[in-house]
Amino acid sequence: MGLPNASGDLSTEVEVDAFRRLFPLRFYEKHLLESIRPDARSLGRARETTIALGAVASANGSALAKIGSTTMLAAIKMEVMTPSLETPDEGCIAIDFHMPPICSPIVRPGRPAEGAPVVAKQLSDTILSSGMINLKELSLDIYCLDADGALFDTALLSAVAAFSHLEIPVVSLNDDGKIVLSEEQGLSDREPVNKEKRKINLSSVPFSLTCVLHKNYILADPTAEEESIMDTIVTVVLDSSSQLVSLHKPGGTVLAYTSAIQDCIALTRQRVKELQKILEEGISGMEVD
């Protein structure tokens, strides 16, 4: 392969690790020449992905999503509210993204994580613009438990899975004629406004794939290390019908060849099929349980 440990230039794992730390880009470029990554993945292959629905018992909908080591916990809480006069048939949605120091060594205690507001804004824009839900009467909290690259992809996946697990609670009218949650107000003996809990209808569900670009190479689902040393990061969001929802490129060098975007979109289409299958299996598992 031309790597120091493979050619015999370095004889121990300690020396290989030192070379990787001192010259990370050279280390990766030697792998790229063989179209393979240090974790043995091909360039276009994503890491192992899992979803667990119902991870938070106290939430109306929740999910734990993992892509490689990157782990996100999404929890949805529904609240009764008074709509504004401008939109009397709509509520509001609040999305919070949390990155505690435990998730990554780059997050310092007592300081907000620089990437958290960016991911939160991306999530809000994607969820609202994709048309996935009509319901806007909820609060979505996402906690990053482990940050090892592709944070937005994992956060979006956890949010989508949490929406799939979400149930609209039973509500009733209290003595003042206001709609309240029946369980919280102890009004289970009263005639409910909605007869039973129900799932929400999801349409145009968004899925994403982040790629890093370096020279003529495209690496799908990058680790934190790959994101830190490669030239350009591109995130493509497609809906369940493979329609483009958004494309995000935060800085980096200008794309030198137009086919790069097309290649990223093609990789995302493949990834969407994988994620749809994983989500369907997660939902089926919950129904069996």
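Both backbone and side-chain heavy atoms feed into the values below; hydrogens, waters and symmetry mates do not.
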Side-chain donor-acceptor pairs of residues 94-120 under 3.5 Å, sequence neighbours excluded:
from   : atom 1 : to     : atom 2 : distance (Å)
His98  : NE2    : Asp141 : OD1    : 3.1
Ser104 : OG     : Ile106 : N      : 3.2

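- Not counting sequence neighbours, the partners of Ser246 by the side-chain contact (heavy atoms from CB on, under 4.5 Å) test are Thr126, Val237.
- A side-chain donor-acceptor contact under 3.5 Å links Thr154 to the backbone of Ala150.
- Under the side-chain hydrogen bond (donor to acceptor under 3.5 Å, both in side chains) criterion, Lys121 pairs with Asp125, sequence neighbours left out.
- Separating the CG atom in Leu140 from the OG atom in Ser158 is a distance of 7.0 Å, to the nearest 0.5 Å.
- Applying the ring pair (Phe, Tyr, Trp, His ring centres under 6.0 Å) rule to pairs touching residues 39-75 yields nothing, sequence neighbours excluded.
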Residue pair Val234, His248: steps toward the side-chain contact (heavy atoms from CB on, under 4.5 Å) verdict: CA-CA 6 Å; Val234 175; His248 184 65; over 6 Å; no

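- Checked against side-chain contact (heavy atoms from CB on, under 4.5 Å), Pro24 has the following partners two or more places apart in sequence or in another chain: Ile229.
- The two atoms that bring Cys211 and Cys264 nearest to each other are CB-SG, 4.0 Å, heavy atoms only.
- A donor-acceptor distance shorter than 3.5 angstrom exists from the side chain of Thr70 to the backbone of Gly149, with no hydrogens or angles considered.
- Met230 places none of its side-chain heavy atoms less than 4.5 Å from the side chain of Leu213.
- Heavy atoms only, all atoms of each residue included: Pro206 and Met132 are closest at CD-SD, 3.5 Å.
- Rounded to the nearest 0.5 Å, atoms CG (Leu156) and CG (Leu151) are 12.5 Å apart.
- What you find for Arg37 and Leu43 is that their closest heavy atoms are NH1-O, 2.9 Å.
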Before giving the answer on side-chain contact (heavy atoms from CB on, under 4.5 Å), spell out for Ile51 and Leu157 the whole-Å C-alpha distance, their side-chain angles and the decisive distance to 0.1 Å. CA-CA 8 Å; Ile51 295 173; Leu157 181 60; 3.7 Å; yes

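- Note that the CD1 atom of Ile93 and the OG atom of Ser124 stand 6.5 Å from one another [nearest 0.5 Å].
- Considering only residues two or more places apart in sequence or on other chains, Thr223 meets the side-chain hydrogen bond (donor to acceptor under 3.5 Å, both in side chains) condition with none of them.
- Residues satisfying the side-chain hydrogen bond (donor to acceptor under 3.5 Å, both in side chains) criterion with Ser130, sequence neighbours excluded, are absent altogether.
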Yes or no on side-chain contact (heavy atoms from CB on, under 4.5 Å) for Met72 and Cys144, after CA distance, side-chain angles and deciding distance? CA-CA 5 Å; Met72 299 285 174; Cys144 180; 3.6 Å; yes

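- Atom CD of Glu34 and atom OG of Ser42 lie 14.0 Å apart (nearest 0.5 Å).
- You'll find the ring centres of Phe23 and Phe27 outside the 6.0 Å limit.
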Where do Tyr28 and Arg20 land on the side-chain contact (heavy atoms from CB on, under 4.5 Å) test, with the steps shown first? CA-CA 8 Å; Tyr28 267 88; Arg20 183 174 187 168; 3.5 Å; yes

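- Residues Leu209 and Thr235 are not in side-chain contact: their nearest non-hydrogen atoms beyond the backbone lie 4.5 Å or more apart.
- Taking both residues in full, the closest heavy atoms of Ala147 and Ala224 are given as O-CB, 4.4 Å, listed atom of the first, atom of the second, then distance.
- Side-chain contact annotation: Asp153 with Ser208, donor-acceptor N/O pair under 3.5 Å present.
- Side chains of Ile76 and Ser62 form no contact here, defined as non-hydrogen atoms less than 4.5 Å apart.
- Listed by first and then second residue, the salt bridge (charged side-chain N to carboxylate O under 4.0 Å, His left out) pairs that reach into residues 40-62 are Asp39-Arg41, Arg41-Asp221, Arg41-Glu226, Arg47-Asp148, Arg47-Asp221, sequence neighbours excluded.
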Contacts under 3.5 angstrom, residues 273-283 side chains, donor-acceptor by atom type, not counting sequence neighbours:
from   : atom 1 : to     : atom 2 : distance (Å)
Glu274 : OE1    : Arg271 : NH1    : 3.0
Gln276 : NE2    : Ser240 : O      : 3.3

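- Residues meeting the side-chain contact (heavy atoms from CB on, under 4.5 Å) test with Ser241, sequence neighbours left out: Asp239, Gln243.
- Phe163 has its side chain within reach of Ile133: a pair of non-hydrogen atoms, C-beta onward, lies under 4.5 Å apart.
- Side-chain contact between Glu29 and Leu25 is present, with at least one heavy-atom pair separated by less than 4.5 Å.
- Note that OG of Ser259 is 11.5 Å distant from CD1 of Ile265, once rounded to the nearest 0.5 Å.
- Alongside Leu73, the hydrophobic cluster contains Val56, Leu64, Tyr143, Leu145 (criterion: ILVMFWY side chains under 4.5 Å).
- For Asp17, the side-chain hydrogen bond (donor to acceptor under 3.5 Å, both in side chains) partners are Arg21, not counting sequence neighbours.
- With rounding to the nearest 0.5 Å, the separation of OG1 in Thr210 from CD in Glu227 is 6.5 Å.
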